[in-house]
Amino acid sequence: MGQTGGRRGQLVADRRYPAKTAQPKRGATPRKSVRTRRGGRGGGGMLGGIFRLIGRTVWAFAWRIALLIAVIVGGATFYFYQQLPDYRQLLDGRNRGSVTMLDTNGDVFAWRGETFGGQVTADKVSPFLRDAVVATEDRRFYRHFGVSPRGIVSAIRINLSEGRGPFQGNGGSTITQQVAKLLCLGVPYDPKRWKTEADYESDCRSGGLKRKIEEIPYALAMEIKYSKSQILTIYLNRAYLGAGARGFEAAAQRYFGVPAAQVNPQQAAMLAGLLKAPSYFAPTTDLARSQARASMVLDLMHEQGYLTDKQFREAKASPATLSDAAQARAGSYFADWVMDTLPDFLSKDTTEDVVIRTTLDQRVQTAAEEAMAQVFGAKVRDSSAAQAAIVVMSADGAVRAMVGGRQTKVSGAFNRATQAMRQTGSTFKPFVYAAALNAGWTPETIVDDAPLTINVKGSGPWSPKNYTERYLGPIPIWRALANSINTATVRVAMSVGLDAVRQVATGFGFGADLAQGPAVALGVSETTLLQMTGAYAGILNGGSSVLPYGVTDLRLKGDKVPMISNTGGMGDRVISEKAARELIWMMRQGVLQGTSKRAGLSGYEVAGKTGTTQSARDAWFIGFTADYVAGVWMGYDDNRPLSGVTGGGLPAEIWHNVMARVEKGQPAHPLPMAQPGEWGGSSNDGQDWNSDDPIPEGGVPVVDGRLVSPSEAAKTQGSAGQSDAGQDDQGQQSNSLGQAIDGVLKSLY
C-alpha cells in the first residue's frame, strides 16, 4: 500500500489486551471501598486482639499458677513421701491398749478399750470382705491415683441437692484419702495439744475444703509409696467398727466369733456397712438396722460383679446374726467392776493389750439376768423406776454373776451392786446371832420377845418395835432369827455386847462405819450388796472372812507368765466353825418356817435372811445353797419407799428364780449345818437388867427375863409351844398377805 509523502507507516504489534485506561492498579479497590474494608478489618482485628491479649494473659497466669500449684503439691507429696514409714508400722495406731476378759471356761465375754484383733492383710482376709469394702467405699479404688475428682464432684452435687454445704455430708473421699484421715496426715497424738484422744481423733476426721486439700498430697504420697494392697491393708487394720473394735479382725471376732479370713458374704457386708457410722450401725446396738445396711452393701457387691446371682440370693435370704457371746453381752456390770478393782495402768490407762481370766460363769450370769427380767416383767409395771441388783458368788468370794440394774446390756452404768450404799435392815441380824453363838450360846437359848425401851446416852429413850407389833414372850433364838423379831434381836445384841457384834460384822467384811448405838442390831448401817453377799459367804464357808474377787489371772497378751494371779479370797477366821454351822441351821429355819419361805427350792437345802429397812426404802434377800451365795437388793435410786414390797416378797422371789436356774441339773448337796442333836455345851446364863440403867461398856444382859440353858428350856415349854403356834400363824398370814400383794403389784408401782 502506498502512503503519501513517500513514508512508510510505523509497524505496531497486535494488542492482546484492551487498551489501558485510567483505572486503579490491579488488585486495588476504589478509595471508598478501601476505607470501608479497612474500617471493617480494623474493628474486628482490634476486638479480636483484645480477646487474644486477654486469653494470652489468662493463659500466662493459669499455667504459672498451675505450675506453682503443681510445685507445691509435688513438694508436699515429696515431703510426705519422705515421712511415710513402712506400711506395717501403721497397722496398729492405738494410743492405748485394750482389756479382754475371759470367763471361767476361757471364753471371751467382755472387752474394754479399743481392741485390736491382730494384723491382717488385704490378700489374707476373706475375699468377700475385701470386695465389700471396695464396693461400698471406693468402687474405682484400683483405677485412680489416690484422689477421685469425679467422686468429689458427685459428692458436692449430692450435698447441694440435699440442702447441705458442698463439703458437708458426703465427702467423695477415696479409700486412700480415708487412710490419710485415719493416719491424721502423719500427725501423732500430743496430749499438750489435745486434751483427750477423742479431741485428737475428732480433729483428724474433720471435713471441709481445707482438710480435703491437705489430704491430696498425702494420698498421692501413699499411692507412690505403697501398693494398692498395702493401702487397703492399712485401712482394714485401722478402721473403727463400733463396740470398741479397731480393725476388721477385732470386729469379726467381736460380732461373729470368727476371724476376718472366714467371714461369709453377709457377714462381710455387715462389717463393711459399719464404716459409714460405726456406733449407729453396730449390730450390738440395733441388729435389724445393721442387717438393713448390710442388705444395701450386698446390692452394691452384686451390681459390681463381686457376687454371683446364687451367692447374692443366699446372702440376702440369710442375714448375718451375732455370735452367742455377742448376743448375750453378759457381765457388763461385772466387767466394769473388775476394771475398777485393778490399777489404772493395767486397766483404764493401759498401753498394752491385757488379757484377764475372771471368775464369771456366763451360765450363772445369764440365769441372774433372765430371772430379774422375768420377775419384773410379771410383777412390776413397765413404767416403774424401781431397781434391783444381784450378786452370786462361791463360798470363797469368787463372784460368778453380777447384775447392777434392770438394764443389763450396758457399759459404764451406775452399778447398784457395788456402788450403792444402802441400809441392810434385818439382813444384818445373822451377825448378832453369830456373835452370840461364838460366845457359847446355842440355837435353843431362850430370849424374851417383849416390849423394850433403852435409854441411849445422848439420845434418850429408844423403843424398837416388831414388824407385826406382836410379842411372843420367851422364845429360842433360832425362832427369833427365823421370824426376824426385832426386840429379841436387840436383847441378844445388848447381852453379847455391841462391840462383839461390830467385831463380827466387820470381820466378815461389812465395813468399818457401823452405827454405835443399839440400833446397829437392826441394820441401820449402810453397805453394798457385794459386801453383804461376801459376808454371808463367810458364814457358808465355816466362819472365815472372804474378800470378793473377780480376777484369777492377768497377763499381757502373748505373755506366758501372769502379772497377777489369785486362787481365792479366803481370809481370817471370824467365828468358830461350830458357831457357823449352828447359824446356818438357824437361817435354814427361816426358809422352812419363817420370813424366807418364798426362797425355798424343791430338792435343795436353802438358808437365808430377809431384810426390809424403815419405810421399805430397801428390800433384801441374801441366802445360799451348799454351792452358791446369792444376794438380791431392790429399791429406788432416789431412796423413796417401795410400795407393798418387803425382803420376803419380790427379792426372795428373784432369789428363788435365780437359784432355780443356777441349780437346774446340778446335784443337790446338803448345807454344812449342825443339826440340833449335834450341839454340845450350854449357853451362858443371862442376867437381869433394868432397861432404865445406862448401857455398860461392852453391852448388857437382857431385860425382863433370863437367857436360860437348853436344860432349863423345859420350864418354858408351854409358853414356847404357844409361841410356836402363834408364830406359825404369823408365818401363814405373812405368806397369804404376800400372795395377795403380788396380785396387785402392778397397780401399786
Side-chain angles (χ1 to χ4, degrees), residues 389-393 395 422-437 443 466-467 476-486 488-490 492-493 501 504-505 508-510 520-525 527-541 543 575 579-601 605-613 616 618-625 628-634 645-656 658-659 671 673 727 730-731 734-735 738:
I390 302 170
V391 172
V392 183
M393 68 174 63
R422 310 295 295 219
Q423 288 188 347
T424 61
S426 293
T427 55
F428 185 88
K429 289 176 180 176
F431 305 136
V432 175
Y433 293 95
L437 294 169
N466 290 337
Y467 181 76
I477 62 172
W478 71 261
R479 185 166 291 281
L481 177 61
N483 291 106
S484 200
I485 306 299
N486 288 341
T489 301
V490 173
V492 173
V501 172
V504 169
F508 277 128
F510 184 93
V520 68
L522 303 184
V524 297
S525 303
T527 191
T528 66
L529 176 62
L530 178 66
Q531 288 180 327
M532 203 63 178
T533 307
Y536 274 51
I539 298 172
L540 177 61
N541 70 31
I575 60 175
R581 289 167 63 87
E582 291 172 340
L583 181 58
I584 293 173
W585 183 87
M586 291 171 62
M587 295 171 70
R588 169 72 174 147
Q589 306 316 302
V591 176
L592 293 176
Q593 52 186 313
T595 60
S596 304
K597 290 181 179 179
R598 294 191 186 186
L601 288 176
E605 291 184 350
V606 173
K609 185 69 189 75
T610 59
T612 309
T613 61
D618 304 276
W620 302 70
F621 183 82
I622 305 177
F624 42 78
T625 64
Y628 298 99
V629 185
V632 177
W633 167 87
M634 187 173 174
V645 177
T646 63
L650 289 184
E653 284 197 29
I654 293 173
W655 191 97
H656 169 90
V658 170
M659 296 308 295
L671 283 169
M673 58 188 177
Q727 201 67 24
Q730 175 189 346
S734 176
N735 193 40

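Positions are given from 1 along the sequence.
Of all heavy-atom pairs between Pro651 and Gly647, the closest is CB-O, 3.6 Å. Residues Met586 and Ile477 come closest through the heavy atom pair CE-O, 3.5 Å. Contact detail for Pro443 and Pro476: the closest heavy-atom pair is O-CB, 3.6 Å. The minimum heavy-atom distance between Thr489 and Val432, with the atom names listed, is O-CG1, 3.7 Å. The shortest non-hydrogen separation linking Phe510 to Gln531 is O-OE1, 3.4 Å. Closest of all the heavy-atom pairs between Ile485 and Tyr433 is O-OH, 4.4 Å.
The structure places CG of Asn466 at 10.0 Å from CG of Asn483, a figure rounded to the nearest 0.5 Å. Interatomic distance, CD1 of Ile539 versus CE of Met673, reported as 14.5 Å (0.5 Å rounding). Atoms CH2 and CD1, on Trp655 and Ile622 in that order, are 11.5 Å from each other to the nearest 0.5 Å. In this structure, CG on Leu583 lies 5.5 Å from CE on Met587, to the nearest 0.5 angstrom. Phe624 CZ to Glu605 CD: the interatomic distance, rounded to the nearest 0.5 Å, is 11.0 Å. Remark: Lys609 NZ to Lys429 NZ distance equals 5.5 Å, nearest 0.5 Å.
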Full working for side chain to side chain contact (heavy atoms under 4.5 Å, CB included) between Arg598 and Val591: CA-CA 7 Å; Arg598 294 191 186 186; Val591 176; over 6 Å; no
Check against side chain to side chain contact (heavy atoms under 4.5 Å, CB included), Val391 and Trp633: CA-CA 9 Å; Val391 172; Trp633 167 87; over 6 Å; no
Test log, rule side chain to side chain contact (heavy atoms under 4.5 Å, CB included), inputs Leu522 and Val490: CA-CA 7 Å; Leu522 303 184; Val490 173; 3.8 Å; yes
Criterion side chain to side chain contact (heavy atoms under 4.5 Å, CB included) on Leu529 and Trp620, from CA distance to verdict: CA-CA 9 Å; Leu529 176 62; Trp620 302 70; 3.8 Å; yes
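Looking at His656, its side chain does come within 3.5 Å of a backbone N or O of Gly600 through a donor-acceptor pair. A donor-acceptor contact shorter than 3.5 Å is absent between the side chain of Asp618 and the backbone of Thr613. Using a distance-only test at 3.5 Å, with no hydrogens or angles considered, no donor-acceptor pair links the side chain of Thr424 to the main chain of Thr427. A side-chain donor-acceptor contact under 3.5 Å links Arg588 to the backbone of Val606. Side-chain N or O atoms of Gln423 include one that pairs as donor or acceptor with a backbone N or O of Val524 at under 3.5 Å.
Taking the centre of each ring, Tyr536 and Phe508 stay at or above the 6.0 Å mark.
Side chains of Phe621 and Leu650 form no contact here, defined as non-hydrogen atoms less than 4.5 Å apart. Side-chain contact between Leu671 and Leu540: present, with at least one pair of heavy atoms (C-beta onward) separated by less than 4.5 Å. Looking at heavy atoms from C-beta onward, Thr625 lies in side-chain contact with Leu601 at the 4.5 angstrom threshold. Between Leu437 and Ile575 the shortest side-chain heavy-atom distance does not fall below 4.5 Å.
Judged by distance alone, the side chains of Thr610 and Thr595 do bring a donor and an acceptor atom under 3.5 Å apart. A donor-acceptor contact closer than 3.5 angstrom links the side chains of Ser484 and Ser426.
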